[in-house]
Amino acid sequence: MTIRIACLQLDIAFGDPQKNEQQAEKAVELAVKEGADIIVLPELWTTGYDLTRLGEIADDNAERAKTFASRLAQTYSIHFVAGSVAKKTDAGVTNTMIVANRNGQIIKEYSKVHLFQLMDEHLHLQSGNEPGLFSLDELSCAGVICYDIRFPEWIRTHALSGAELLFVVAEWPLPRLHHWRTLLMARAIENQCYVVACNRAGSDPNNVFAGHSLIIDPWGEILAEADEDPGILLADIDPALVRDVRSRIPVFADRRPRLYEETTKKFFKTY
């Protein structure tokens with residue numbers, strides 16, 4: 001059984017949630033016409049990195065984003081990995097991924113665990129502390145956000161918990177495009193899973209973004225890749241390939257986690 005994935009590579013309007021919702025909804029409609037089963041938005045798609053104004057424009061408990069995701073998922077009977085948004089809580093603002101199933105139920109909220117200091121996230125956002133695991137129908141999935149992919153131990157934790165499909169939503173800058181592509185392929189190969197990575201296009205007052213959303217199979221082969229312009233990236237995936245690859249090269253069965261832990265304690269300084 002194949003599943004059609006659509007990554008909506010948007011040029012996000014800086015600090016303008018209403019404009020961004022309008023363009024996202026139009027893009028969802030186009031992806032539905034292309035037969036998409038699962039639709040993915042990028043990181044902070046409602047506001048962009050307008051971090052200094054989050055007190056004004058962050059979404060209270062992400063209710064607006066959840067209503068938006070739920071409505072479109074139910075209307076079009078799609079699974080909707082609705083990117084991430086700035087979620088305002090009593091404890092501060094988090095960068096939180098929203099996932100709705102085809103019935104319109106919000107089934108996951110994942111807050112970015114690793115904050116990126118080079119873009120001042122640590123000054124304006126609170127980090128998350130929970131994993132990104134969820135299921136879409138019978139498919140075991142995980143969601144992470146941008147900088148999280150630089151932490152292979154975090155991604156491996158999700159694969160060890162059964163994740164077969166990793167969603168990455170991002171605002172990854174153009175100067176580090178090579179890192180983006182290489183890290184995503186590595187995460188797919190080492191975890192023998194599909195990687196669906198939706199990046200943004202365009203620029204903001206401080207950054208030019210890379211685009212190049214990617215859909216990668218468990219062998220690390222690129223099924224589809226966008227360029228730097230806004231658009232919709234489509235590819236069909238077959239979840240059975242994950243089980244096939246994992247049976248051919250039994251990486252998980254051959255791990256020696258106790259040795260890794262003992263060696264770290266004995267020989268290496270930890271930070």
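Heavy-atom basis, side chains included; hydrogens, waters and symmetry copies ignored.
- Residues Lys33 and Glu29 are not paired through a salt bridge, judged by the lack of any N-O separation under 4.0 Å between the basic side chain and the carboxylate.
- Partners of Phe80 by ring-ring contact (aromatic ring centres under 6.0 Å, His included), not counting sequence neighbours: none found.
- For Ala86 against Leu44, the heavy-atom pair with the smallest separation is N-CD2, 3.6 Å.
- Each of Asn101, Asn103, Asp137 was evaluated against His79; a single residue qualifies, Asp137, per the side-chain hydrogen bond (donor to acceptor under 3.5 Å, both in side chains) test.
- The side-chain heavy atoms of Asp50 and Ile57, taken from C-beta on, include a pair separated by under 4.5 Å.
- Tracing side-chain contacts under 4.5 Å through hydrophobic residues (I, L, V, M, F, W, Y), one never reaches Ile39 starting from Ile216; they form parts of separate clusters.
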Show the atom names and distances, to 0.1 Å, of all donor-acceptor pairs under 3.5 Å that link a side chain in residues 229-257 to residues at least two apart or in another chain.
unit_1 : atom_1 : unit_2 : atom_2 : d
Asp236 : OD1    : Arg4   : NE     : 2.8
Asp236 : OD2    : Arg4   : NH2    : 3.1
Asp238 : OD1    : Ala240 : N      : 3.1
Arg243 : NH1    : Glu164 : OE2    : 3.0
Asp244 : OD1    : Arg248 : NE     : 3.2
Asp244 : OD2    : Arg248 : NE     : 3.0
Arg246 : NE     : Gln192 : O      : 3.1
Arg246 : NH2    : Ala163 : O      : 2.8
Arg246 : NH2    : Asn191 : O      : 3.0
Ser247 : OG     : Arg243 : O      : 3.4
Ser247 : OG     : Asp244 : O      : 2.7

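- Contact between Cys7 and Ala197 at its shortest, heavy atoms only, is SG-O, 4.1 Å.
- How far CZ of Arg187 is from CG of Asp148: 11.5 Å, rounded to the nearest 0.5 Å.
- Classification of Lys66 and Glu63 as a salt-bridged pair holds, one side-chain N sitting under 4.0 Å from a carboxylate O.
- For the pair Lys88 and Leu54, the minimum side-chain heavy-atom distance is 4.5 Å or more.
- Side chains of Lys112 and Ser84 form no contact here, defined as non-hydrogen atoms less than 4.5 Å apart.
- Gln9 and Ala226 get closest at one heavy-atom pair: OE1-CB, 3.5 Å.
- Ion pair Glu25/Arg71 flagged as a salt bridge, since at least one NZ, NE, NH1 or NH2 atom sits closer than 4.0 Å to an Asp/Glu carboxylate oxygen.
- Counting heavy atoms from C-beta outward, Leu41 and Cys198 have side chains that stay 4.5 Å or more apart.
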- Please step through side-chain hydrogen bond (donor to acceptor under 3.5 Å, both in side chains) for the pair Tyr49 and Glu43, ending with a clear verdict. CA-CA 9 Å; Tyr49 265 86; Glu43 178 185 18; 3.0 Å; yes
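- Checked by atom type, the side-chain pair Asn95/Tyr147 shows no donor-acceptor distance below 3.5 Å.
- Hydrophobic clustering, with ILVMFWY side chains joined whenever heavy atoms are under 4.5 angstrom apart, keeps Phe167 apart from Leu8.
- Atom NZ of Lys108 is separated from atom CG of Leu133 by 6.5 Å, given to the nearest 0.5 angstrom.
- Here CG of Asp204 is found 7.0 Å from CD of Glu171. Values are rounded to the nearest 0.5 Å.
- Atoms CD1 and OG, from Ile107 and Ser70 in turn, are 11.5 Å apart once rounded to the nearest 0.5 Å.
- Between Ser213 and Asn199 there is a side-chain heavy-atom pair separated by less than 4.5 Å.
- In this structure, Asp217 and Tyr194 have side chains that are in contact, with non-hydrogen atoms separated by less than 4.5 Å.
- Within the 4.5 Å cutoff, the side chain of Thr52 has heavy atoms near those of the His124 side chain.
- Contact of the Phe151 side chain with the Thr157 side chain is not registered, since no non-hydrogen atoms from C-beta on lie closer than 4.5 Å.
- To the nearest 0.5 Å, atoms OG1 (Thr47) and CD (Glu56) are separated by 12.0 Å.
- Ser111 places no side-chain N or O within 3.5 Å of a backbone atom of Thr96 that could act as its donor or acceptor partner.
- Leu136 and Val32 are assigned to two separate hydrophobic clusters, defined by single-linkage of ILVMFWY side chains at heavy-atom distances under 4.5 Å.
- Between Asp11 and Arg200 a salt bridge is recorded (basic side-chain N to carboxylate O distance below 4.0 Å).
- Each ring-ring contact (aromatic ring centres under 6.0 Å, His included) pair with one or both residues in residues 5-46, not counting sequence neighbours, appears once here: Trp45-Phe68.
- Between Phe134 and Gly143 the shortest heavy-atom distance is CE2-N, 3.7 Å.
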